[in-house]
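See structure below.
Residues: numbered from 1 along the sequence shown. The figures that follow rest on heavy atoms only: side chains count, while hydrogens, waters and symmetry mates do not.
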Amino acid sequence: MAKEFRAPGKDVVQKIWKELGLNEERVKESVEALKKWLATEPHLPEESGSLHEARLERWLIRCKNSMERTKQSIDLYYTLRSLCPDLMCDWDPRSKRYLDTVQTFCYFPMPELTPEGDRVIIMKYLTKNTINYTHDDIAKMILISNEARMCEEYCFSDIYVFDLENYTLGHASRVTFTTTKKGIVCSMDALGTRLKAFHFINAPSCAEVVIWMIKAVLNPKLISRVYVHGKDLTEFSKQVPRMCLPDDLGGTGGSLQENWNLWLKKVDSYRNWFKQHENFKSDESKRQGGALNSDDVFGFEGSFKELNVD
């Protein structure tokens, strides 16, 4: 039976703190330093409250206790909420577009961490039917899930498992490089995601398009962490613990659908917060040194162009 996703216990938190040279006092000092820094940046919004502080702590952890990198990630997050509203705004888990999307594609974290403290993320097309399939809507749905994770997550890094069993030429024809790049930058750079491995399983030949697009956005270090498996999952099963996989994929973590249903309830529980958070974005007219635009962020010469997450 699937378990509900919950924030890890103190033992996991302290294990991660120890690995990063942190303790409770240092974490509090770092969060206070980030709050003071935010107050000095006129283009960034003023947030407050315990959830805001918890998210700052998680940003710090995701950025491996690097203050400079954490600041860059936070700045990029609010900037993207201004410059990429098609993906980063209008997050309502009860909207028709969202409810249609979650019937065609799933994206959720497994509730159990690996022994090393990593989180396994499952992705899968739920149907071969592409009538309600929109690449932009899937990218937005993934970002909504990542936002909910940011409120509770505590792990070293992510292991993505993308089951392409239902992937067809119809899906391939609708995948765009622009949305793929935007989605990965929003997910990885803006929220500081640390990628340990990306496994494509049950990959048909037509999946080469989406795999190429994802690799094209990653730097060489991250490309080396991408693994493509066909129907033979022998090697894959050696790399991901069974307790961190759904029963459908040879694991012991409950069925894929059970896990997906529980995660959708978790996301829906943050609906009011998503609405309250809607207007927290950068005001580029107040940015010291001049406003950024989409080309600066996503273009070939942009400040945030490269993904250097490790």
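Under the 3.5 Å distance criterion, with hydrogens and angles disregarded, a donor-acceptor pair is assigned to the side chains of E57 and Y154. At a cut-off of 3.5 Å, with distance as the only test, a side-chain donor of S73 or W59 sits close to an acceptor on the other residue. Looking only at atom types and distance, the side chain of Q72 has no donor-acceptor partner in the side chain of Y77 under 3.5 Å away. For the residue pair Q276 / N272, no side-chain donor-acceptor distance below 3.5 Å is found, with atom types taken as modelled. For the residue pair T79/R287, the side-chain donor-acceptor check at 3.5 Å is satisfied. Side chains of S282 and E284: a donor on one and an acceptor on the other come within 3.5 Å. In this model, no donor atom of one side chain and acceptor atom of the other lie less than 3.5 Å apart for Y78 and E41. With no hydrogens or angles considered, no side-chain donor-acceptor pair links Y98 and D137 at under 3.5 Å. Remark: the N202 side chain and the D163 side chain contain an N/O donor-acceptor pair separated by less than 3.5 Å.
Within the 4.5 Å cutoff, side-chain heavy atoms of L38 are placed close to those of H52. At least one side-chain heavy atom of P8 sits under 4.5 Å from a side-chain heavy atom of L113. Contact of the V267 side chain with the I144 side chain is registered, since non-hydrogen atoms from C-beta on lie closer than 4.5 Å. When side chains are defined from C-beta on, R26 does not count as touching N65, because their heavy atoms never get closer than 4.5 Å. Within the 4.5 Å cutoff, the side chain of C89 has heavy atoms near those of the K281 side chain. F156 has its side chain out of reach of K196: every pair of non-hydrogen atoms, C-beta onward, lies at least 4.5 Å apart. The closest side-chain heavy-atom distance from L60 to L20 is not below 4.5 Å. The side-chain heavy atoms of I122 and N259, taken from C-beta on, include no pair separated by under 4.5 Å.
Stacking of R149 on the aromatic ring of F108 is not recorded, the 6.0 Å distance cut-off and the 45° axial limit not both being met.
In the displayed structure, E208 atom CD is contacted under 6.0 Å by at most 12 heavy atoms of other residues, nucleotides or ligands. Counting non-hydrogen atoms of neighbouring residues, nucleotides and ligands closer than 6.0 angstrom, the CD atom of E29 exceeds 12 such neighbours.
Taking every heavy atom of both residues into account, M110 and L245 meet most closely at CE-C, 3.5 Å. What you find for S157 and D118 is that their closest heavy atoms are OG-OD1, 2.7 Å. Of all heavy-atom pairs spanning A7 and E152, the tightest one is CB-O, 3.4 Å. In terms of heavy-atom proximity, Y270 sits nearest to K266 at CD1-O, 3.4 Å. When all heavy atoms of A172 and V209 are compared, the closest pair comes out as O-CG1, 4.4 Å.
A distance-only check finds no donor-acceptor pair linking the side chain of E53 to the backbone of S48 [under 3.5 Å]. The backbone N or O of L191 sits less than 3.5 Å from a side-chain atom of R62, completing a donor-acceptor pair. Within the 3.5 Å criterion, the main-chain N or O of Y125 finds a donor-acceptor partner in the side chain of N166. In this structure, W260 contributes its side chain and S255 its backbone to no donor-acceptor pair below 3.5 Å. Using a distance-only test at 3.5 Å, with no hydrogens or angles considered, a donor-acceptor pair links the side chain of R58 to the main chain of E153. A donor-acceptor pair under 3.5 Å is formed between the side chain of R225 and the backbone N or O of L195.
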Is there a salt bridge (charged side-chain N to carboxylate O under 4.0 Å, His left out) between R194 and D158? Walk through the geometry before answering. CA-CA 6 Å; R194 294 161 61 186; D158 288 351; over 6 Å; no
Take L256 and C106, measure what side chain to side chain contact (heavy atoms under 4.5 Å, CB included) needs, and give me the verdict at the end. CA-CA 9 Å; L256 184 146; C106 69; 3.8 Å; yes
I'd like to know whether K124 forms a side chain to side chain contact (heavy atoms under 4.5 Å, CB included) with F105, so could you lay out the CA-CA distance, the side-chain angles of the two residues, the decisive distance to 0.1 Å, and finally the verdict. CA-CA 6 Å; K124 183 175 183 177; F105 189 87; over 6 Å; no
For L56 and I74, run side chain to side chain contact (heavy atoms under 4.5 Å, CB included): C-alpha distance rounded to whole Å, both residues' side-chain angles, the deciding distance at 0.1 Å, then the answer. CA-CA 9 Å; L56 292 179; I74 293 171; 3.7 Å; yes
Please walk me through it: do F162 and I211 pass side chain to side chain contact (heavy atoms under 4.5 Å, CB included)? CA-CA 10 Å; F162 197 165; I211 295 171; over 6 Å; no
Verify ring-ring contact (aromatic ring centres under 6.0 Å, His included) between F198 and F200, making sure each step is shown before the conclusion. CA-CA 7 Å; F198 201 137; F200 292 92; 4.7 Å; yes
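Ring planes of F177 and W212: tilted class, angle from 30 to 60°. Below 30°, between 30° and 60°, or above 60°: for H135 and Y133 the angle between ring planes is below 30°, a parallel geometry. Aromatic ring orientation, F236 versus H199: perpendicular (interplanar angle above 60°, classes split at 30° and 60°).
Results of the salt bridge (charged side-chain N to carboxylate O under 4.0 Å, His left out) test with D86 over K140, K182, R81, R97 single out K182 as the only residue that passes.
For the side-chain hydrogen bond (donor to acceptor under 3.5 Å, both in side chains) condition, no pair includes a residue of residues 243-253, sequence neighbours left out. Judged as a side-chain hydrogen bond (donor to acceptor under 3.5 Å, both in side chains), the pairs with a partner in residues 170-179 (not counting sequence neighbours) are, in order, D136-T179, T168-H171, T176-T179.
Interatomic distance, CD1 of I201 versus CG of D232, reported as 11.5 Å (0.5 Å rounding). Annotation: the span from Y160 atom OH to I214 atom CD1 amounts to 10.0 Å, rounded to 0.5 Å. Taking CG from N146 and OG from S187, the interatomic distance works out to 4.5 Å, rounded to the nearest 0.5 Å. To the nearest 0.5 Å, the span separating NZ on K215 from CD1 on I223 amounts to 7.0 Å. Put simply, NZ on K35 and CD on E46 are 12.0 Å apart, with the number rounded to the nearest 0.5 Å. Taking CG of N219 as the reference point, atom NZ of K221 lies at 8.0 Å (rounded to 0.5 Å).
F274 and H277 have their aromatic ring centers separated by at least 6.0 angstrom.
Partners of T127 according to the side-chain contact (heavy atoms from CB on, under 4.5 Å) rule, which considers only residues two or more places apart in sequence or in another chain, are T104, N129.
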